[in-house]
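Structure, as structure tokens:
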Amino acid sequence: MPLQRSNTADKFIVDRRKRHRNSDVARAVRKTRDRLSQQAGNPDFDRELLKLHARTMTSGAVVIPLLVLVIAAAGRLAGVGNEIGLWALFTLTCYTTVVFMARRIERTEASELNSLQTRREFLVGHFLCGLGWAWFVWLGCGACEVDQFQVIKAVVLLFAMAGTALMASSLSGALLATFAFPVALYAYAATRSWMPVEVIMAGLLVLSLPFFAYIASHLNRFSLLLLSFRSEKDALIAEVETAKSMSDEARRRAEDANLAKSRFLASMSHELRTPLNAILGFSEVMANEVLGPMSNPTYRDYAHDVHDSGQHLLDLINEILDLSRIEAGRYQLNEEPVMLLNIVEDCCHMMELKARNKDIRVVQDFEQTLPRLFADERAVRQIALNLLSNAIKFTATGGEIRVRVGWTAGGGQYISIKDNGPGIPEDEIPIVLSAFGQGSIAIKSAEQGTGLGLPIVQGLLAMHGGEFELHSKLREGTEAIAIFPLSRVMEELPALPTAAVAVRRR
């Protein structure tokens, strides 16, 4: 069976190793991803798309104007004339207007934008740029010596359409507003001249326009999907931050309440024990008839019951106070060199009578060459007694308990107490390791305890820097292991030389 541990003494246990928690998170993430991937569009993102389009036009403000300048320079060299300069000036003015419009929209907050008006302004600006490209299509070159001038204009239009499809994809309809009229004008000019090459280029332009429009629409949907993911991510982050703040506040309040409770109990030691000691003393005097015999034997039985109940209550209060002092950090360790082997052996002798009454055999398996530990002897003794008491309590009559003391693999020392009792179900081990926690077997048992023994063991071991491990298998038994770290093991110093050895050396 895998190792089970618990590092808390609180009675509220949350087992974060359960797989269903991870599956719930994965299921929620998968559901959100599917919902977003199936989302075709959202009108709430119109402003974000306009801002994205403005940012793209601003960052790529020199691409199309640079192409226009290159075309104008090449046209002048080819002898087109001054008309191409006027065309370049008009087209650059149109693109500059669009860029200034984009910069103004980019500086404006998204919440202040009128999406319909801004979209209309952008489309008008792109249509004006399209008029510039229509002028370019209508340009003639009677005096230039360039062959296939119409083919060159078609290739330039293809480049311009490709660049616009990439840059203006965030604004649906921008490509058609820019190049629908130039392409139609080029097709009209080609049908008038009816040159085979011009007709082929016109057909290519007519087919390219819907193709680039299709690519632009896909890029637009991709941008919308990214915005959807970003919005959902921001919402999830906000929910996580809110839940985290609420969880931190709840944890802080719980820790404050738990610390206040622990401090209260730790400071109430005298007030709680004094009246109980009086009850125990007077009931013992009455039960033993120290001051004279009781005429009614029922009263004597009542005195015995009062003494036993008071002793049980005193043991419970002692354990609660010990655990409270450990939790409140007020448990002071009186550290000194101790022999772990001797302490465990004394504890076995103390519990021998209780084990013999149940016909339980206690087998001791100790390593005899263990050095001393630097630890609190009372705490180590309490650890051993708690583990032995639990083993005897839940071992059936005629059972066996094996007590081992030895080295750990890391150089520390350990106490192992293994019984052949009924064992603990796997899902109940975190409950058993919590304060006041009792498994189903302990509840059904006639010897019910307080449920504080193992949490006290964990707390005392944690104060020593050690660990507590619990192995159990149903109907086979339980093994409790208390481990002290290597830092607690004291090295043995070499013996000092005697006088005879010193003389011999001289």
Side-chain angles (χ1 to χ4, degrees), residues 53 57 60-99 122-169 171-220:
H53 177 68
M57 295 301 297
V62 298
V63 177
I64 301 298
L66 184 60
L67 178 62
V68 171
L69 291 177
V70 171
I71 294 171
R76 289 292 297 172
L77 292 176
V80 175
N82 296 329
E83 189 178 2
I84 195 169
L86 296 176
W87 164 80
L89 181 61
F90 175 79
T91 307
L92 289 176
T93 303
C94 294
Y95 275 103
T96 303
T97 303
V98 173
V99 170
F122 266 131
L123 290 178
V124 170
H126 283 288
F127 179 75
L128 293 177
C129 295
L131 292 180
W133 289 112
W135 188 356
F136 173 73
V137 170
W138 199 253
L139 283 177
C141 185
C144 61
E145 299 178 355
V146 179
D147 295 333
Q148 305 297 335
F149 184 63
Q150 296 297 327
V151 175
I152 294 176
K153 289 195 290 187
V155 173
V156 170
L157 281 180
L158 284 174
F159 277 110
M161 284 195 309
T164 305
L166 294 176
M167 293 176 56
S169 60
L171 181 65
S172 59
L175 182 66
L176 294 178
T178 306
F179 288 99
F181 183 60
V183 170
L185 188 61
Y186 187 93
Y188 172 72
T191 54
R192 284 185 58 188
S193 62
W194 202 251
M195 297 292 295
V197 177
E198 295 181 8
V199 173
I200 293 173
M201 295 308 297
L204 181 61
L205 286 176
V206 171
L207 294 176
S208 298
L209 184 60
F211 173 72
F212 285 124
Y214 175 77
I215 292 177
S217 65
H218 268 269
L219 292 176
N220 183 275

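Along the sequence shown, residues are numbered consecutively beginning with 1.
One finds the CG atom of L89 at 9.5 Å from the OG1 atom of T96 (value rounded to the nearest 0.5 Å). Within the model, atoms CG of L209 and CG of L158 stand 10.0 Å from one another, a figure rounded to the nearest 0.5 Å.
Taking both residues in full, the closest heavy atoms of A61 and V99 are given as CB-CG2, 3.7 Å, listed atom of the first, atom of the second, then distance. In plain terms, the two heavy atoms of L175 and A213 that are nearest each other are CD2-N, 3.3 Å. Residues S208 and M161 share a closest heavy-atom pair of CB-CE, 3.9 Å.
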Please set out all donor-acceptor pairs under 3.5 angstrom arising from side-chain atoms of residues 127-141, sequence neighbours excluded.
| residue | atom | partner | partner atom | Å |
| --- | --- | --- | --- | --- |
| W133 | NE1 | Y95 | OH | 3.0 |
| W135 | NE1 | E83 | OE2 | 3.4 |

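H53 is linked by a ring pair (Phe, Tyr, Trp, His ring centres under 6.0 Å) to F122, H126, counting only residues two or more places apart in sequence or in another chain. Residues satisfying the side-chain hydrogen bond (donor to acceptor under 3.5 Å, both in side chains) test with S172, not counting sequence neighbours, are R119. Take L92 and apply the side chain to side chain contact (heavy atoms under 4.5 Å, CB included) test, not counting sequence neighbours, and it matches P65, V68, L69. Taking T164 as the reference, nothing meets the side-chain hydrogen bond (donor to acceptor under 3.5 Å, both in side chains) condition, with sequence neighbours excluded. Residues satisfying the side chain to side chain contact (heavy atoms under 4.5 Å, CB included) criterion with T97, sequence neighbours excluded, are T93. Under the ring pair (Phe, Tyr, Trp, His ring centres under 6.0 Å) criterion, Y188 pairs with no residue, sequence neighbours left out. In this view, Y186 satisfies the ring pair (Phe, Tyr, Trp, His ring centres under 6.0 Å) rule with no residue, not counting sequence neighbours.
The 12-atom threshold is exceeded at CZ of F90, counting heavy atoms of other residues, nucleotides or ligands nearer than 6.0 Å.
Remark: the backbone N or O of A88 is not paired with any side-chain donor or acceptor of T91 at under 3.5 angstrom.
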